[in-house]
Amino acid sequence: QVQLVESGGGLVQAGGSLRLSCAASERTFRAYAMGWFRQAPGKEREFVAVISRSTGITYYTDSVKGRFTISRDNAKNTVTLQMNSLKPEDTAVYYCAAASRPASTVIMTTTLWYDYWGQGTQVTVSS
């Protein structure tokens, strides 16, 4: 059983930055891949980024490459999403998620791969 709590959301102007953080209760945090998803009103939940368990390899959806950076601190059981050059289309509720199973790049972009989800944090980017 893993509890995930997101924080760091807020309102920023286009071009600004935000840093989201997800705190996990799991003591074996290193065994979980950690992902970030987002969901805007009326839209399906969308993959944003993921970081692997042991190697720290990252993967991003094309729309955020070069702007967002996912990282993890295994000692503190946290995963972070640094968001730069924010655009209005980045506006959404952002969710962190944890997965315990190995998977290909394609599979780890799907919501079904993840075992646990946080409650989300709102990110609003004004134009």
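- Enclosure of atom CZ in R101 by more than 12 non-hydrogen atoms of other residues, nucleotides or ligands within 6.0 angstrom is indicated.
- Within the structure, no pair that satisfies the ring pair (Phe, Tyr, Trp, His ring centres under 6.0 Å) test touches residues 62-99, not counting sequence neighbours.
- With values rounded to the nearest 0.5 angstrom, S104 atom OG is found 10.0 Å from Y59 atom OH.
- A donor-acceptor distance shorter than 3.5 angstrom exists from the side chain of S52 to the backbone of I57, with no hydrogens or angles considered.
- D73 and T78 are not linked by any side-chain donor-acceptor pair at a separation below 3.5 angstrom, with hydrogens and angles left out of the test.
- Shown here for E46 and S63, the closest heavy-atom pair between the two residues is OE2-OG, 4.3 Å.
- Here the side chains of S17 and M83 are not in contact, with every heavy-atom distance at 4.5 Å or above.
- Few gaps surround CD on E89; more than 12 heavy atoms of other groups in view lie less than 6.0 Å from it.
- Checked by atom type and distance alone, the side chain of Y32 never pairs as donor or acceptor with a backbone atom of A97 at under 3.5 Å.
- Listed here is the closest heavy atom pair of K65 and D62: NZ-OD1, 3.1 Å.
- Using a 4.0 Å cut-off between charged nitrogen and carboxylate oxygen, K87 and D90 do not count as a salt-bridge pair.
- Side-chain heavy atoms closer than 4.5 Å link hydrophobic residues (I, L, V, M, F, W, Y) into clusters, and following such links, even through other members, never connects M108 to L81.
- To the nearest 0.5 Å, atom CZ of residue R53 and atom CZ of residue R30 are 11.5 Å apart.
- Atoms OG1 and CZ, on T111 and R45 in that order, are 7.5 Å from each other to the nearest 0.5 Å.
- In the hydrophobic clustering of this structure, V93 does not group with L86; members are Ile, Leu, Val, Met, Phe, Trp, Tyr whose side-chain heavy atoms approach within less than 4.5 Å, directly or through other members.
- The closest side-chain heavy-atom distance from Y114 to V50 is below 4.5 Å.
- Here the CZ atom belonging to R67 is positioned 7.0 Å from the OG atom belonging to S85, to the nearest 0.5 angstrom.
- Remark: aromatic rings of F47 and W36 are distant, center separation not under 6.0 Å.
- Taking each heavy atom of T109 and T105 in turn, the nearest pair found is CG2-O, 3.3 Å.
- Of the possible donor and acceptor atoms, none in the side chain of T91 sits under 3.5 Å from a partner among the backbone N and O of T124.
- Considering only heavy atoms from C-beta on, L11 stays 4.5 Å or farther from Q122 through its side chain.
- L4 places a side-chain heavy atom less than 4.5 Å from the side chain of M34.
- A donor-acceptor pair is defined here as one N or O able to donate and one able to accept, closer than 3.5 Å; no such pair exists between the side chain of Q82 and the backbone of T69.
- The distance from atom OG of S126 to atom CD of Q13, rounded to the nearest 0.5 Å, is 5.0 Å.
- At least one side-chain heavy atom of V64 sits under 4.5 Å from a side-chain heavy atom of R38.
- Between I70 and T80, the closest side-chain pair of non-hydrogen atoms is not below 4.5 Å.
- Hydrophobic clustering, with ILVMFWY side chains joined whenever heavy atoms are under 4.5 angstrom apart, groups L20 together with I51.
- S127 approaches A14 most closely through the heavy-atom pair CA-CB, 4.4 Å.
- Cation-pi geometry between R72 and F29 is satisfied (NZ or CZ under 6.0 Å from the ring centre, within 45° of the ring normal).
- Residues D115 and V2 have side chains not in contact (no heavy-atom distance under 4.5 Å, counting atoms from C-beta outward).
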